[in-house]
Amino acid sequence: TSIGKMIDELSKYKRIKVICSCRSEYFDARYKKYFEKCSADPYTFALDQVEYDDRAKEKMMFLYRKYYNVHVLLSENVRERLMHSLLLMRLFFEVNSGRNTDNLELCDAEIYKAYIEKVAQDAGPFDFQSKVNDLAKLMVERKNFKEIKLDDLGLSTEDRARFKNVLDDNLVISRKIQAGTGITERSVEYVYFVFDELRDFCIARYLLTTEEEQQDDEYSVFFAFVAELDEQCLSPLEGILKYAYYYFK
């Protein structure tokens, strides 16, 4: 809360430059108000809206390789795919951290699967994977692919704290929205996927896993859902078809 005063104090010294960063999803909701109190009027910009040229992407790939200790030779095909998606690049090196063989996860679906399993493992006794499935299930049932109320996940007080502790460091996050006015004013907390491609993977995995558990060889529920998405021109269609194609193939 004192960041405004700190920036004002340091701005008196011309040889000092201060860079403050946070997740773009949280800036407006959590931190913007503190910067608005600065007399020095700091410059703010959204890094996720910056265009990266190939040189910047190559530099990023080099730094990821070094940080995550991945030194195996990458084919031109793999490098091209990683250059196409900065999200995939980050997750690729994270899930393959420390590997010194050519047995790397290269498929998008396998990378996302490994990433979620890694987060779930780091979450300890809290069943993060089941909550991701619950989130995907509610999105499917409600045809709401943007966000779901945190209260609707049915978490106990203890699990709610554990879940939120996992969220801030990963690609499923929460945000609070102020709703109502006067006596109806209240704070509502929502959970959502930061990236659509990860959301689409989680939804496809939930649907296909459910069909397997119900032993539906025709995958009738899955195809009925996909047909409904197509009819209503809803956004997850392309991503869900992509991961379903990989599954059936």
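- Here the shortest heavy-atom pairing between C20 and I3 reads SG-CD1, 3.9 Å.
- With hydrophobic clusters built from ILVMFWY side chains whose heavy atoms lie under 4.5 angstrom apart, Y67 shares a cluster with V119.
- The closest donor-acceptor contact from the side chain of D216 to the backbone of E211 lies at 3.5 Å or more, if one exists at all.
- With contacts defined as side-chain heavy-atom distances shorter than 4.5 Å, the pair E36/K32 qualifies.
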Are F62 and Y64 close enough, and set up right, to give a ring pair (Phe, Tyr, Trp, His ring centres under 6.0 Å), and what steps lead you there? CA-CA 6 Å; F62 171 79; Y64 279 147; over 10 Å; no

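- Around the OH atom of Y245, the shell of radius 6.0 Å holds no more than 12 heavy atoms that belong to other residues, nucleotides or ligands.
- The closest side-chain heavy-atom distance from L88 to Y112 is below 4.5 Å.
- The line from CZ of F92 to OG of S85 is 12.5 Å long, rounded to the nearest 0.5 Å.
- Of the N and O atoms on the side chains of Y68 and R90, at least one donor lies less than 3.5 Å from an acceptor on the other residue.
- A salt bridge links R142 with D152: the distance from a Lys NZ or Arg NE/NH1/NH2 to an Asp or Glu carboxylate oxygen falls below 4.0 Å.
- Under the 4.5 Å side-chain heavy-atom criterion for Ile, Leu, Val, Met, Phe, Trp and Tyr, V72 and L91 are members of the same hydrophobic cluster.
- The shortest distance between side-chain heavy atoms of Y190 and I148 does not fall below 4.5 Å.
- Between the side chain of R199 and the backbone N or O of G239, no donor-acceptor pair lies under 3.5 Å.
- Only one option out of V191, L153, N144 pairs with L138 in a side-chain contact (heavy atoms from CB on, under 4.5 Å); it is L153.
- Side-chain heavy atoms closer than 4.5 Å link hydrophobic residues (I, L, V, M, F, W, Y) into clusters, and following such links, even through other members, never connects L86 to L63.
- Between the CD1 atom of I240 and the SG atom of C202 there is a distance of 10.5 Å, given to the nearest 0.5 Å.
- In this structure, S174 OG and L150 CG are separated by 6.5 Å, a value rounded to the nearest 0.5 Å.
- Taking 4.0 Å as the cut-off between side-chain N and carboxylate O, E189 and K164 count as a salt-bridged pair.
- Around atom NZ of K137, no more than 12 heavy atoms belonging to other residues, nucleotides or ligands sit under 6.0 Å away.
- Side-chain rings of F35 and F27 approach one another, their centers coming within less than 6.0 Å.
- Here the side chains of T210 and V221 are not in contact, with every heavy-atom distance at 4.5 Å or above.
- Atom CG of D217 is surrounded by 12 or fewer heavy atoms from other residues, nucleotides or ligands within 6.0 Å.
- F145 and F225 have perpendicular rings, their planes meeting at more than 60° on a 0 to 90° scale where under 30° would count as parallel.
- Judged purely by atom type and a 3.5 angstrom limit, S97 has no side-chain atom pairing as donor or acceptor with the backbone of E94.
- A centroid separation of less than 6.0 Å is found between the aromatic rings of F248 and Y219.
- Taking the six-membered ring wherever Trp is involved, the centroid distance between the rings of F195 and F193 does not fall below 6.0 Å.
- Across A244 and L208, no two heavy atoms sit closer than the pair CA-CD1, 4.1 Å.
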Check against side chain to side chain contact (heavy atoms under 4.5 Å, CB included), K131 and D134: CA-CA 5 Å; K131 293 309 160 189; D134 289 346; 3.2 Å; yes

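- Y192 places none of its side-chain heavy atoms less than 4.5 Å from the side chain of K146.
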Verdict with supporting geometry, D53 and K57, salt bridge (charged side-chain N to carboxylate O under 4.0 Å, His left out): CA-CA 6 Å; D53 58 23; K57 293 176 184 178; over 6 Å; no

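- Within 6.0 Å of NZ on K149 lie no more than 12 heavy atoms contributed by other residues, nucleotides or ligands.
- Ionic pairing of E76 and R81 is not present here: no N-O contact between side-chain nitrogen and carboxylate oxygen is shorter than 4.0 angstrom.
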Chi angles and distances behind the side chain to side chain contact (heavy atoms under 4.5 Å, CB included) call for M61, F93: CA-CA 9 Å; M61 190 180 299; F93 287 106; 3.7 Å; yes

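- Under a hydrophobic-cluster definition in which Ile, Leu, Val, Met, Phe, Trp and Tyr are linked whenever side-chain heavy atoms come within less than 4.5 Å, directly or via other members, L234 and Y243 are assigned to the same cluster.
- Within a 6.0 Å sphere centred on CD of E218, other residues, nucleotides and ligands contribute 12 heavy atoms or fewer.
- Using a 4.0 Å cut-off between charged side-chain N and carboxylate O, E9 and K5 make no salt bridge.
- Residues Y43 and M6 share a hydrophobic cluster, clusters being chains of Ile/Leu/Val/Met/Phe/Trp/Tyr side chains in contact below 4.5 Å.
- Here the straight-line distance linking atom CG of L73 with atom CZ of R79 works out to 9.0 Å at 0.5 Å rounding.
- Expressed to the nearest 0.5 Å, how far CZ of F201 lies from NZ of K113 amounts to 7.5 Å.
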With side chain to side chain contact (heavy atoms under 4.5 Å, CB included) as the criterion, how do V140 and Y206 come out once you've worked through the C-alpha distance, each side chain's angles and the decisive distance to 0.1 Å? CA-CA 9 Å; V140 168; Y206 160 73; 4.2 Å; yes

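- Contact annotation: the side chain of L229 never approaches that of L241 to less than 4.5 Å [non-hydrogen atoms, C-beta and beyond].
- Side-chain polar atoms of Y247 and E212 form a donor-acceptor pair below 3.5 angstrom.
- No side-chain heavy atom of L87 sits less than 4.5 Å from a side-chain heavy atom of V194.
- In this structure, E197 CD and E238 CD are separated by 11.0 Å, a value rounded to the nearest 0.5 Å.
- Two residues are said to be in side-chain contact when any heavy atoms from C-beta on lie closer than 4.5 Å; K12 and L10 fail this criterion.
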